[in-house]
2 protein chains.
Amino acid sequence: MRADAERSRRRILDAARDVFLERGLDAPLDLIVRRAGVGPATLYRRYADREALVRDLTGDLLSRLEAAAHQAAREEGDAYAAVRRFVHAAADLRMGAVIPVLLEGLVVDQKLIESRTRTSGALDDLIHAAHESGRLRPEVGAGDLILLSIRLSRPLPGGLSRLDADGTLLHRHLDLALDGLTTQAAPAPAPAPGEPLTFADLVAAADRPNATD
Amino acid sequence: MRADAERSRRRILDAARDVFLERGLDAPLDLIVRRAGVGPATLYRRYADREALVRDLTGDLLSRLEAAAHQAAREEGDAYAAVRRFVHAAADLRMGAVIPVLLEGLVVDQKLIESRTRTSGALDDLIHAAHESGRLRPEVGAGDLILLSIRLSRPLPGGLSRLDADGTLLHRHLDLALDGLTTQAAPAPAPAPGEPLTFADLVAAADRPNATD
DNA sequence: TCGAAGCGGAGAAATTTCCTCCGCCTACGG
DNA sequence: CCGTAGGCGGAGGAAATTTCTCCGCTTCGA
């Protein structure tokens, strides 16, 4: 692949991620093109349709997340620290942009499914170890962590997005959520309501037939 | 005002809040109309333009938030519990839908400004008391709490939104963030990076001139 | 240096969004 | 219970946005 083509691809994927985050997966491709600073033809030449673009982006992000999961397991001695690191990495990647794709049945691509399986397996291992270590609250599951990372990494509405242009605030708030807002001296927190949310719960929710409205 | 007119207003405001949350303040009014289950004329008859609708919605939500702030201060003995309750209330109201309006200079309506001032004052009091009580981490400011409530109360992307149709999950995650994901036995958390975020910080960020792109 | 591959802009076609007109319906005072 | 003022929804034309292609120019890489 020619160098300039690869450069365009990168710019388009980066722009697509941001636009999908802000406007959802059905955002106008025009916006992506404009944000990427390329001509419309450059996008349409590479991607036959929206789905092709979404799939390429999903693969790109997922493979990076998979790498992050393994790296966290490998490089962090403490099990809870590894979970923490994974959550921060998922937020940095802005997995929220493509989470619906990863969870919904739409994914036909075999490569994607395998990567997803490996990644969620790695995450389960991290969490299991953290539970064993006694550091991670038992009522917290993989789904809770993923949702936390998605919710905190979505761009803020309106002018507020400027508040966190570089992501400092995102990591600050992730840290606060991971550790809690209360001081150490506080009495034991009441157990959070509900059951631990698993990865499978997310998939199940996303898979139910869509009521379009 | 006739009973059916008031009923329509309510339906439109509720729908507008949801649509603005999902698509931002420049979402097509058509969507609101459809979600509200009313005819387009019903919206346009009442509101001369988008701004009028946004203003009415903002006033509606803000006055309810103000009531919640006072109620929290009045009914909760413990200072930290009051903060907690306020954050949950703000999330329930989905203040994120109109936060940009409240923070940006666009608000000309004197009533709105006064209500905003009263509410942020009440919140500051809650937080100050919670800091005094030693329960709330000192590096947490009003802005942090508002952002937390906004971020956790925005709808999840795609099919995931079905996961939390009734808001149970929202409050679960709010609780987790407030108390932290670690167990009581954990060592003292590292201080969160950065300075406490104040309400004024939010306003300042939102007020800077918009770079439209 | 040359050919193949990639690029962006102009713009036609399709779709979405905005907004009004108008005939029917409903709330509510008498 | 009835009259009517006020409210309602749907149809649909105008305007704006979005999609997607053609084509002449530029850039990469052998």
Side-chain angles (χ1 to χ4, degrees), chain A residues 1-58 60 97-98 100-101 106 157-158 210-213, chain B residues 1-58 60 97-98 100-101 106 157-158 210-213:
Chain A
M1 182 178 244
R2 252 173 64 168
D4 54 350
E6 178 58 34
R7 201 159 46 234
S8 290
R9 171 171 175 268
R10 195 67 265 150
R11 299 179 109 202
I12 288 174
L13 288 184
D14 289 347
R17 188 192 65 172
D18 293 347
V19 169
F20 286 152
L21 267 180
E22 280 171 25
R23 306 270 313 243
L25 284 172
D26 51 1
L29 299 182
D30 228 27
L31 277 188
I32 296 175
V33 157
R34 238 175 300 157
R35 173 138 0 168
V38 302
T42 301
L43 189 154
Y44 288 105
R45 196 176 318 110
R46 185 175 313 281
Y47 301 110
D49 51 18
R50 175 185 302 271
E51 202 193 309
L53 167 62
V54 168
R55 193 161 36 226
D56 194 19
L57 175 62
T58 306
D60 181 57
V98 298
V101 186
L106 310 175
N210 285 18
T212 325
D213 234 48
Chain B
M1 184 180 245
R2 250 172 66 166
D4 53 352
E6 178 58 34
R7 200 160 47 234
S8 291
R9 170 170 175 269
R10 195 65 268 148
R11 298 179 109 203
I12 288 174
L13 287 184
D14 289 348
R17 188 192 65 171
D18 293 347
V19 169
F20 286 152
L21 267 180
E22 279 170 26
R23 306 270 314 241
L25 284 172
D26 50 2
L29 299 181
D30 235 27
L31 277 188
I32 296 175
V33 157
R34 239 175 299 156
R35 172 138 1 167
V38 302
T42 301
L43 189 155
Y44 288 105
R45 197 178 316 110
R46 186 176 312 283
Y47 300 110
D49 50 19
R50 175 186 302 271
E51 201 193 307
L53 167 61
V54 169
R55 195 161 35 226
D56 194 20
L57 175 62
T58 306
D60 181 58
V98 296
V101 186
L106 310 175
N210 285 21
T212 325
D213 234 50

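In what follows, every chain begins at residue 1, and chains take the letters A, B, ... in the order their sequences are listed. None of these values were measured; they are calculated from a predicted model.
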Item to complete: Can you check each nucleotide of nucleotides 21-30 of chain C against protein heavy atoms at under 4.0 Å and return B for base, S for sugar-phosphate only, - for none, in 5' to 3' order?
Response: B----BSS--

I'd like a table of donor-acceptor pairs (distance under 3.5 Å, sequence neighbours excluded) in which one partner is a side-chain atom from residues 19-28 of chain B, with atom names and distances.
| from | atom 1 | to | atom 2 | distance (Å) |
| --- | --- | --- | --- | --- |
| Glu22(B) | OE1 | Arg35(B) | NH2 | 3.1 |
| Glu22(B) | OE2 | Arg35(B) | NH1 | 3.4 |

Fill in: Interatomic distance, Leu29(B) CG vs dT20(C) P [rounded to whole Å]
12 Å

Worksheet entry | Arg9(B): partners by side chain to side chain donor-acceptor pair (under 3.5 Å), with sequence neighbours left out | Glu6(B), Asp56(B)

Discussion item. Heavy atoms only, 4.0 Å cut-off, all strands: where does Leu31(B) land among base, sugar-phosphate and nothing?
Written reply: nothing

Worksheet item: Any idea which heavy atoms bring Arg46(B) and Ser8(B) closest together, and the distance?
Response: NH2-CB, 4.5 Å

Fill in: Set of residues satisfying salt bridge (charged side-chain N to carboxylate O under 4.0 Å, His left out) with respect to Arg17(B), sequence neighbours excluded
none

Discussion item. Apply side chain to side chain contact (heavy atoms under 4.5 Å, CB included) to residues Tyr47(A) and Ile12(A) and explain how you reach the verdict.
Written reply: CA-CA 11 Å; Tyr47(A) 301 110; Ile12(A) 288 174; 4.2 Å; yes

Worksheet entry | Whole-Å distance separating the CG atom of Asp49(B) from the P atom of dC19(C) | 8 Å

Item to complete: Rounded to the nearest 0.5 Å, what's the gap from CG on Asp14(B) to CD1 on Ile32(B)? Could you check?
Response: 11.5 Å

Worksheet item: Minimum heavy-atom separation for Ala52(B) to Ala48(B), with atom names?
Response: CB-N, 4.1 Å

Worksheet, complete the sentence: Taken in chain and number order and not counting sequence neighbours, the residues that satisfy side chain to side chain donor-acceptor pair (under 3.5 Å) with Asp60(B) are Arg10(B), Arg64(B)

Fill in: Leu53(B) and Leu29(B): CA distance, side-chain angles, deciding distance, side chain to side chain contact (heavy atoms under 4.5 Å, CB included) verdict
CA-CA 10 Å; Leu53(B) 167 61; Leu29(B) 299 181; 4.1 Å; yes

Item to complete: Output the residues of residues 19-28 of chain B in contact with DNA chain D, where contact means a heavy atom of the residue under 4.0 Å from an atom of the strand; sort by number or write none.
Response: none

Discussion item. Using a 4.0 Å heavy-atom cut-off, does Arg9(B) contact any base of the nucleic acid, only the sugar-phosphate backbone, or nothing at all?
Written reply: nothing

Item to complete: Calculate, to the nearest 0.5 Å, the distance between atoms CZ and CZ belonging to Arg2(B) and Arg7(B) respectively.
Response: 9.5 Å

Item to complete: Name the first nucleotide and the last nucleotide along DNA chain D (5' to 3') that come under 4.0 Å of a heavy atom in chain A.
Response: dT18(D) to dG29(D)

Item to complete: On DNA chain C, check which nucleotide each of Tyr44(B) and Thr42(A) is closest to and give me the residue with the more 5' one.
Response: Thr42(A)

Fill in: Nucleotide dG8(C), atom P - distance to CZ of Arg34(A) in whole Å
15 Å

Worksheet entry | Whole-Å distance separating the CG atom of Asp30(A) from the P atom of dA12(C) | 16 Å

Worksheet item: Of the non-hydrogen atoms in Thr58(A) and Val54(A), which two are nearest, and what is the gap between them?
Response: OG1-O, 2.7 Å

Worksheet item: How large an angle, rounded to 10°, do the end axes of the helix from dT1(C)-dA30(D) to dG30(C)-dC1(D) enclose when each is built from five base pairs?
Response: 40°

Worksheet item: For the pair made of OH in Tyr47(A) and P in dG6(C), what is the distance, rounded to whole Å?
Response: 13 Å

Worksheet item: Can you name the residues that form a side-chain contact (heavy atoms from CB on, under 4.5 Å) with Ala41(B), not counting sequence neighbours?
Response: Arg45(B)

